Amino acid sequence: QVQLVESGGGLVQAGGSLRLSCAASERTFSYYTMGWFRQAPGKEREYVAGISWSGSDTYYASSVKGRFTISRDNAKNTVYLQMISLKPEDTAVYSCAGGGVLYGPSRTYAYWGQGTQVTVSS
């Protein structure tokens, strides 16, 4: 199976920015629809954003639309999530996933990374 590794998480103040990266182990990554998901303690896993294999189509959850941008660089086998204007409610473990439907749900995705922690303080 394809291995996915996230990086770029950390602690930021409200209003700050972070850029998450998800690196895939194989060139076949370029054929996958990719998504970002997040899960806060005590809550269900939540869809954040998705991007088609070519990068031509994107989709965002209402809670992040206008603040987060998903992109990909297939030459580098990497997908990104640029996050700006971060809010405390964005605090969660963020995971990337591949092989699913552009707009979710999570059950449609076949490959998952281990996750990276994003913490937004007040």
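It should be emphasised that the depicted structure is a prediction, and the values quoted were computed from it without experimental measurement.
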### Task
Kindly work out whether a path of hydrophobic side-chain contacts (I/L/V/M/F/W/Y, heavy atoms less than 4.5 Å apart) joins Ile70 to Val48.
yes
### Query
Donor-acceptor pair, Ser56 side chain versus Ser54 backbone, under 3.5 Å?
no
### Query
Is Arg72 close enough and on-axis enough to Tyr32, meaning under 6.0 Å and within 45°, for cation-pi?
no
#### Entry: Candidates Arg67, Met83, Gln82 - the one meeting side chain to side chain contact (heavy atoms under 4.5 Å, CB included) with Ser17
Gln82
## Note on the structure
Here the disulfide (SG to SG under 2.5 Å) pairs for residues 79-122, sequence neighbours left out, are Cys22-Cys96
### Query
Between the main-chain N or O of Gly50 and the side-chain N or O of Asp57, is there a donor-acceptor pair closer than 3.5 Å?
no
### Query
Can you hop from Ile51 to Leu18 via hydrophobic side chains spaced under 4.5 Å?
yes
#### Entry: Backbone N/O of Tyr94 and side chain of Thr116: donor-acceptor pair under 3.5 Å
no
### Heavy-atom closest pair, residues Asn74 and Phe29
OD1-CE2, 3.4 Å
### Task
Identify whether Tyr80 and Phe68 are in the same connected component of the hydrophobic contact network (ILVMFWY, side-chain heavy atoms under 4.5 Å).
no
### Query
Which atom names give the shortest non-hydrogen contact between Gly9 and Val118, and what distance separates them?
CA-CG2, 4.2 Å
### Query
Got more than 12 heavy atoms from elsewhere within 6.0 Å of CD, Gln13?
no
### Message
Working note: Thr91 + Gln117, criterion side-chain contact (heavy atoms from CB on, under 4.5 Å); need CA distance, chi angles, decisive distance, verdict.
### Response
CA-CA 8 Å; Thr91 295; Gln117 177 71 46; 4.0 Å; yes
Mind listing the side-chain donor-acceptor pairs of residues 98-110 below 3.5 Å, one per line with the distance, residues two or more places apart or on another chain?
{"unit_1": "Ser106", "atom_1": "OG", "unit_2": "Arg45", "atom_2": "NH2", "d": "3.4"}
{"unit_1": "Thr108", "atom_1": "OG1", "unit_2": "Val101", "atom_2": "N", "d": "3.1"}
{"unit_1": "Thr108", "atom_1": "OG1", "unit_2": "Pro105", "atom_2": "O", "d": "2.8"}
{"unit_1": "Tyr109", "atom_1": "OH", "unit_2": "Val101", "atom_2": "O", "d": "2.5"}

### Query
Does the side chain of Trp112 reach to within under 4.5 Å of the side chain of Leu4, using non-hydrogen atoms?
no
### Summary
Residues Thr78 and Ser21: closest non-hydrogen pair is CG2-CB, 4.3 Å
### Task
Evaluate the side-chain contact (heavy atoms from CB on, under 4.5 Å) criterion for residues Ser63 and Arg38: first the C-alpha distance (whole Å), next the side-chain angles of each, then the deciding distance (0.1 Å), finally the verdict.
CA-CA 12 Å; Ser63 59; Arg38 66 187 183 185; 3.5 Å; yes
### Task
May I have all residue pairs that pass disulfide (SG to SG under 2.5 Å) and include part of residues 39-94, sequence neighbours excluded?
none
### Query
Mind checking whether Val64 and Leu20 sit in one hydrophobic cluster, side chains of I, L, V, M, F, W, Y counted as touching below 4.5 Å?
yes
### Query
Does Tyr60 share a hydrophobic cluster with Trp36, counting links as ILVMFWY side-chain heavy atoms below 4.5 Å and allowing steps through other members?
yes
### Message
Classify the ring geometry of Phe37 against Tyr47: parallel below 30°, tilted from 30° to 60°, perpendicular beyond 60°.
### Response
perpendicular
### Task
Search all heavy atoms of Gln114 against all heavy atoms of Ser95 and return the closest pair with its distance.
C-OG, 4.5 Å
